[in-house]
Amino acid sequence: MLTTEKPQTTVRLRPGTPYPLGATWDGKGTNFALYSENAGGVELCLFDDAGVETRHPLTEQTAFVWHGYLPNIAPGQKYGYRVHGEYAPERGLRFNPNVVLLDPYAKALSGTEEFAEGVFGYVPGGDDLTMQTEEQRGAPLGVVIDPVFNWVGDTKPNVPFHQSVIYEAHVKGLTMTHPDIPEALRGTYAGVATGPMLDYLKELGITAIEFLPVHQHLDDPFLLDKGLTNYWGYSTLSFFAPDVRYSAEARKGNPSGAVAEFKNMVRALHDAGIEVILDVVYNHTAEGNHMGPTLSFKGIDNPTYYRLVAENPRFYFDYTGTGNSLNVRHPQTLQLIMDSLRYWVTEMRVDGFRFDLASTLARGLHEVDQLSGFFTIIHQDPIISQVKLIAEPWDVGEGGYQVGNFPVNWAEWNGIYRDDMRAFWKGEGGLASEIGYRLTGSSDLYQNDGRAPYASINFVTAHDGFTLRDSVTYEHKHNDANGEGNNDGHNHNISWNCGVEGETDDAAINALRGQQQRNFLATLLLGQGTPMILGGDEIGRTQDGNNNAYCQDNEISWYDWENVDEELLAFTRKVIALRKAHPSLHRRKFFSGRTIRGEDIQDLVWLRFDGQTMTDADWNNNQTQSLGLFLDGDGLDDVDAEGNALHDDDLLLLLSSSYVDLPFRLPDLDSCDNWELLLDTSDDNAEEQIKTGEETTLKARSVKLYRCVRG
């Protein structure tokens, strides 16, 4: 990139306005506005295609916002800022006008970071106390955009939470090797919007796709040095710009085209009846700790945007394990987050958010505070409060594990569900009562705070950890490809390899592994709460035992569309369809235990393998590994969208993690003549109709679902 600076042009900089922040084109010119309460001066820097820079000092300041308006500056214009002030890290100040900085409100970026062109406010090689005096132009530039987009005909699916089936996926990994997607579109937003991908997702039956981070992120130098990248993207650089890495338009030299491309993808998914949920990282940024790069926030107003150590503001509080934490106690940082969320809802039309390490956002001073400003302001916002809000309810700080403690209107990734289900199907005993809670919406966690069963986002696998296939193939992580000596990633996998570590040709072991995968999917999709499937689990995707594939932008993480487990895929589609067809399997309210028909029939009944009601002794027995759950179809206590009372078949869910086959007596109901088998994880083709009160064989480590046939 050229470093030439043009002389000041004759274009007169007008005062402009302090709001909205960022670069806003009005059809005649562009208004620029940047918040910095501690800066001594701000220069707007415009760059042409050759990299030649023109500087415009912003002389207007309103309520700490530096602003100005330039006529004839149109979409496609690249820009950045130089911010003047003290370079005094020991007092938390890191201003350095030698560094070109990215606008925190930039809606599109010129590309990715270029470390070779300089991204540090200090002189690398020593400590961070010596100010850098050489030009640093490695941060991506902002690009002025035209926000106009034709949304005519777009209708948000607005799927009720209790009817949702979430599919967690990576934009690139989902489409990168799909043979029916044009090669130029693979790995991009446009690739997701193609017919083959949309048809696949519709046929699968999911109602929402939850994308791993699509905000522009940074690839860490220590990964680049090893020939790796930050594939997952949990290192946010820009909270407004869709990442150019996943843009077919950016590949063609039009980085600002990523915005319209993302919108096209959202519209296409909406047309398919699928909601879009974004995994967002508002707890930290890519700038790291005091030795990290200066790309944007750190050089614009370090004390405003980051939590600094009060007694030594050279350093950063780190509740995230990434070097810094955003200062959500500051009104401007809260505004940044809210403006970003509102932008993605109103302009990009997404349907919800999953908040990474959300406990960090809830911290007041050190403790996690449910009534923190972040939650209060979201609760009061008429736009953001109406979309799906999902918390990852933990961080790495003291007291950060907060499953079950988030406010009303929030759903949570239920890590307790994951651990209990994995342990149960692994064959561990003493879990009967925990499984009872998990299958019925985790009322022990969510019932007493005004929330409903769908507040529990149930999952057994996610991007972080083993895939479903790997959870039944490996007991130990195999992360050597990450280049960290297999020391990265967690060791508490709660997995069972079915007798052999890794892939095998043993037919019996492979059959058991297939059955275990079906068991996980069946309990996930037939229980109360909101199920989340890790994308690729339905086709048997493996990461070869890597449980921390965050840096693997390659075949380890990409879907293998050439080797799809078609039988597992058909099973997954079948179970999703069963869930959708039976309102008893996705209730909007918790079970009450109330009597429905006569004295002996309640809305749910737990049964032993002899057909008798579970006793306290059964619940507390470490040997209890089989359960029956009867769901009364008349016990829904709910109405449909038209206000009509909901009714369903009587259903019976049987599950056993025992290693031996068990006889299971089906309940003897006066209103039920026969029980028809709907699902058997031990045999995809099983058919059975058995009289009420008679026995069936529940195969070792299997699940069965029956419906009552009357008359």
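Not measured: the values here are computed from a predicted model.
In this structure, Ser164 contributes its side chain and Ile166 its backbone to no donor-acceptor pair below 3.5 Å. Put simply, the side chain of Asn324 gets close to the backbone of Gly288: a donor and an acceptor are under 3.5 Å apart. Within the 3.5 Å criterion, the main-chain N or O of Asp470 finds a donor-acceptor partner in the side chain of Thr467. Side-chain atoms of Tyr306 never come within 3.5 Å of backbone atoms of Thr285 as a donor-acceptor pair (strictly under, hydrogens ignored). Judged by distance alone, with hydrogens and angles left aside, the side-chain atoms of Gln132 form a donor-acceptor pair with the main-chain N or O of Glu134 at under 3.5 Å. Between the side chain of Glu113 and the main chain of Gly138, no donor-acceptor pair closer than 3.5 Å is present. Of the possible polar contacts, none joining the Asn98 side chain to the Gln136 backbone as a donor-acceptor pair under 3.5 Å is found. Looking only at distances, no side-chain donor or acceptor of Gln332 sits under 3.5 Å from a matching main-chain atom of Tyr35.
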Apply side chain to side chain contact (heavy atoms under 4.5 Å, CB included) to Thr30 and Tyr79, showing your working.
-> CA-CA 11 Å; Thr30 301; Tyr79 73 100; over 6 Å; no
Given the rule in the side chain to side chain contact (heavy atoms under 4.5 Å, CB included) test, do Asp103 and Leu34 qualify, once you have shown the distances and angles that lead to the verdict?
-> CA-CA 7 Å; Asp103 177 8; Leu34 180 77; 4.0 Å; yes
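Annotation: ring-ring contact (aromatic ring centres under 6.0 Å, His included) contacts of Tyr87 (sequence neighbours excluded): none. Scored by the ring-ring contact (aromatic ring centres under 6.0 Å, His included) test, His215 finds Tyr282, Trp344 as partners (sequence neighbours excluded). Applying the salt bridge (charged side-chain N to carboxylate O under 4.0 Å, His left out) rule to Lys388 yields the partners Glu275; only residues at least two apart in sequence or on another chain are considered. In this structure, the side chain to side chain contact (heavy atoms under 4.5 Å, CB included) partners of Lys252, at least two apart in sequence or on a different chain, are Glu249. In this structure Asp279 satisfies the salt bridge (charged side-chain N to carboxylate O under 4.0 Å, His left out) test together with Arg354, sequence neighbours excluded. Glu261 meets the salt bridge (charged side-chain N to carboxylate O under 4.0 Å, His left out) test with no other residue; sequence neighbours excluded. Contacts of Phe240 classified as ring-ring contact (aromatic ring centres under 6.0 Å, His included), with partners at least two apart in sequence or in another chain: Tyr105, Tyr343. Residues forming a salt bridge (charged side-chain N to carboxylate O under 4.0 Å, His left out) with Arg342 (at least two apart in sequence, or on another chain): Asp339, Asp381. Every side-chain hydrogen bond (donor to acceptor under 3.5 Å, both in side chains) that Gln543 has, sequence neighbours left out, goes to Arg541.
Counting heavy atoms from C-beta on, the side chains of Val387 and Asp351 never come closer than 4.5 Å.
The aromatic rings of Tyr559 and Trp561 are tilted relative to each other, their planes meeting at an angle between 30° and 60°. Under the 30°/60° scheme for interplanar angles, the aromatic rings of Phe353 and Phe355 are found to be tilted.
Across Thr24, Asn31, Asp26, a single residue satisfies side-chain hydrogen bond (donor to acceptor under 3.5 Å, both in side chains) together with Tyr69, and that is Asp26. Screening Asp301, Asp128, Val83 for a side chain to side chain contact (heavy atoms under 4.5 Å, CB included) involving Arg94 leaves a single residue, Asp128. Tested against Phe47 for a side chain to side chain contact (heavy atoms under 4.5 Å, CB included), the candidates Val52, Thr54, Val143, Val100 yield a single pass: Val100.
Ring centroid separation for the pair Tyr122 and His290 does not come in under the 6.0 Å cut-off.
For the salt bridge (Lys or Arg N to Asp or Glu O under 4.0 Å) condition, the pairs that include at least one residue of residues 164-193, sequence neighbours left out, are Lys172-Asp553. Residue pairs meeting the salt bridge (Lys or Arg N to Asp or Glu O under 4.0 Å) criterion with at least one member in residues 204-219, sequence neighbours excluded: Asp219-Arg245.
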Side chains of residues 195-202: which donor-acceptor partners sit under 3.5 Å, not counting sequence neighbours?
residue	atom	partner	partner atom	Å
Tyr200	OH	Glu538	OE2	2.4

